[in-house]
Each structure stands twice: as C-alpha cells, then as structure tokens.
Amino acid sequence: MLLIVMVLIASHQDDKTALLGTIYFDAGDSTLTAASVTVLKGIADQVRAEPNLLIDVYGYTDNIGSSAANSTVSKRRAERVKQYLTDSLRVQTDRILTFGMGSKNPCASNETEEGRKKNRRAEILIREPDAVLAWFEHDVKVQ
C-alpha cells in the first residue's frame, strides 16, 4: 500500500489560495488511510478557524485504464475526501467543491510505476471566496 502525504506545498497567486495537502491512493482505490486522516484533520482545523475559506478537492489518476474509468475513480477520490471532511470533521458541505480530473495534469511521468503512484492523488486547495477559478483545456487556474 502506498501513501505519501505532503503538507503546505505551495502558495498561489496573490495569496488567495494555498495547496494544503496531497493524498495518494492505491490503483483504482479511494480509501483514506490513517495518515490521510491526519492531514485532513489539520486542514479541517484551519478551515473551521477561518469561516470565509473554501476548499477545492481535485481527484486524479494515472493513465492506466480508460478515460471513463479514470474519470469515475478521480471523482470518487475527490468525493471521498469531501465526505470525510463533512461527515467526520464537520466542515460545512457547501464550503467544499470537488473535481474529478481523470489522468489530466500528471505531476510525474506515467512511464514508471513510481510516477504513476504520484499521479494517483487528491489535491486539497484552500481559497478565499473571491478567488476566481478559470478552466483551461486541461487545467484549472486561480485568478
């Protein structure tokens, strides 16, 4: 089983957003581990302390499998993160948006198993309400 967690990875444009965590999954799976839960607890604490912040959860897959299957798995990963934040950590559901990105926007090469493991992830982004999400062909940018 693979799980790597990175916290406070990057800040984005005008300090209106921050990538707070990345959770990695096994192939075809959306199960959260104890380490994932620890990351999500920290994120929930931060969001509850700042009632205006919103959470975006982006689910991703590697490039193995069909586009339709990868889309389904990526959506399930993002929804699982949201479900845990709302059901277990009491974050208001209307503060969380989820996006299933499939195999788009790999963070590593899909040519190796190690790279594919890194691409099976959910990224948790916190943003201020006035940050505008702009959709591009295969990416989301915050403006």
Side-chain angles (χ1 to χ4, degrees), residues 1-50 52-65 67-89 91-143:
M1 177 180 283
L2 168 77
L3 177 77
I4 303 170
V5 178
M6 296 180 289
V7 179
L8 289 175
I9 298 171
S11 290
H12 293 279
Q13 222 167 359
D14 298 329
D15 293 321
K16 291 188 182 225
T17 65
L19 180 61
L20 284 192
T22 303
I23 296 171
Y24 295 90
F25 297 91
D26 288 332
D29 197 9
S30 60
T31 302
L32 297 175
T33 64
S36 301
V37 168
T38 300
V39 170
L40 293 176
K41 285 179 182 177
I43 290 169
D45 289 344
Q46 241 184 309
V47 170
R48 283 194 306 263
E50 295 288 336
N52 291 328
L53 293 178
L54 302 175
I55 301 173
D56 296 333
V57 182
Y58 298 88
Y60 295 94
T61 65
D62 58 28
N63 68 347
I64 304 298
S67 179
N70 285 339
S71 178
T72 299
V73 170
S74 67
K75 288 175 188 173
R76 191 170 59 229
R77 288 173 177 165
E79 285 295 325
R80 180 63 188 113
V81 169
K82 178 179 180 175
Q83 177 188 17
Y84 192 83
L85 286 168
T86 58
D87 293 354
S88 299
L89 300 176
V91 176
Q92 297 161 314
T93 190
D94 61 347
R95 295 177 68 189
I96 306 171
L97 295 176
T98 60
F99 305 92
M101 305 299 287
S103 61
K104 298 174 186 170
N105 305 323
C107 64
S109 171
N110 277 305
E111 298 300 316
T112 67
E113 179 56 29
E114 188 61 33
R116 288 188 295 274
K117 287 178 183 179
K118 290 178 181 177
N119 290 329
R120 296 189 293 258
R121 69 196 190 280
E123 294 179 346
I124 300 116
L125 180 86
I126 291 186
R127 65 182 170 89
E128 294 179 11
D130 62 344
V132 176
L133 297 179
W135 287 90
F136 294 92
E137 183 177 352
H138 294 294
D139 200 2
V140 178
K141 302 288 183 198
V142 179
Q143 299 179 347

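- Taking Ser103 as the reference, Thr61, Asn63, Asn70 meet the side chain to side chain contact (heavy atoms under 4.5 Å, CB included) condition, with sequence neighbours excluded.
- Here OG of Ser109 is found 11.0 Å from CD of Glu114. Values are rounded to the nearest 0.5 Å.
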Step-by-step side-chain contact (heavy atoms from CB on, under 4.5 Å) determination, Gln92 to Thr86: CA-CA 6 Å; Gln92 297 161 314; Thr86 58; over 6 Å; no
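- The two residues Met101 and Tyr60 come nearest to each other via the heavy atoms CB-CE2, 3.4 Å.
- Contact check for Leu97 versus Leu54: no side-chain heavy atoms found under the 4.5 Å cut-off.
- With hydrogens and angles disregarded, a donor-acceptor distance shorter than 3.5 Å links the side chain of Arg95 to the backbone of Leu53.
- Atoms CG and CD, on Leu89 and Gln83 in that order, are 11.5 Å from each other to the nearest 0.5 Å.
- Salt-bridge check for Glu113 with Arg116: passed, with a basic side-chain N closer than 4.0 Å to an acidic carboxylate O.
- Residues Tyr58 and Ala78 share a closest heavy-atom pair of C-CB, 4.5 Å.
- One finds the NZ atom of Lys75 at 14.0 Å from the OG atom of Ser30 (value rounded to the nearest 0.5 Å).
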Working for side-chain contact (heavy atoms from CB on, under 4.5 Å), residues Asn52 and Glu128: CA-CA 7 Å; Asn52 291 328; Glu128 294 179 11; over 6 Å; no
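- Nearest heavy-atom pair across Tyr84 and Leu32 is CB-CD1, 3.6 Å.
- Every residue meeting the side chain to side chain contact (heavy atoms under 4.5 Å, CB included) condition with Ile55, not counting sequence neighbours, appears here in chain and number order: Ile43, Val47, Val57, Leu85, Val91, Ile96, Ile124, Ile126.
- Under the side-chain hydrogen bond (donor to acceptor under 3.5 Å, both in side chains) criterion, Thr72 pairs with no residue, sequence neighbours left out.
- Put simply, CZ on Arg76 and CZ on Phe25 are 10.0 Å apart, with the number rounded to the nearest 0.5 Å.
- Not counting sequence neighbours, Arg77 has no partner by the salt bridge (charged side-chain N to carboxylate O under 4.0 Å, His left out) test.
- The side chain to side chain contact (heavy atoms under 4.5 Å, CB included) test applied to Ala27 returns Arg120, not counting sequence neighbours.
- Residue pairs that meet the salt bridge (charged side-chain N to carboxylate O under 4.0 Å, His left out) test with at least one member in residues 33-48, sequence neighbours left out, are Asp45-Arg48.
- Counting all heavy atoms, side chain and backbone alike, Gly102 lies closest to Ser74 at N-OG, 2.9 Å.
- Contact check for Asn110 versus Asn119: side-chain heavy atoms found under the 4.5 Å cut-off.
- For the pair Arg121 and Asn105, the tightest heavy-atom approach, listed with the atom from each and the gap, is NH2-O, 2.7 Å.
- Residue Ile23 comes nearest to Ser36 through the heavy atom pair CG2-OG, 3.1 Å, listed as atom of the first residue, atom of the second, then distance.
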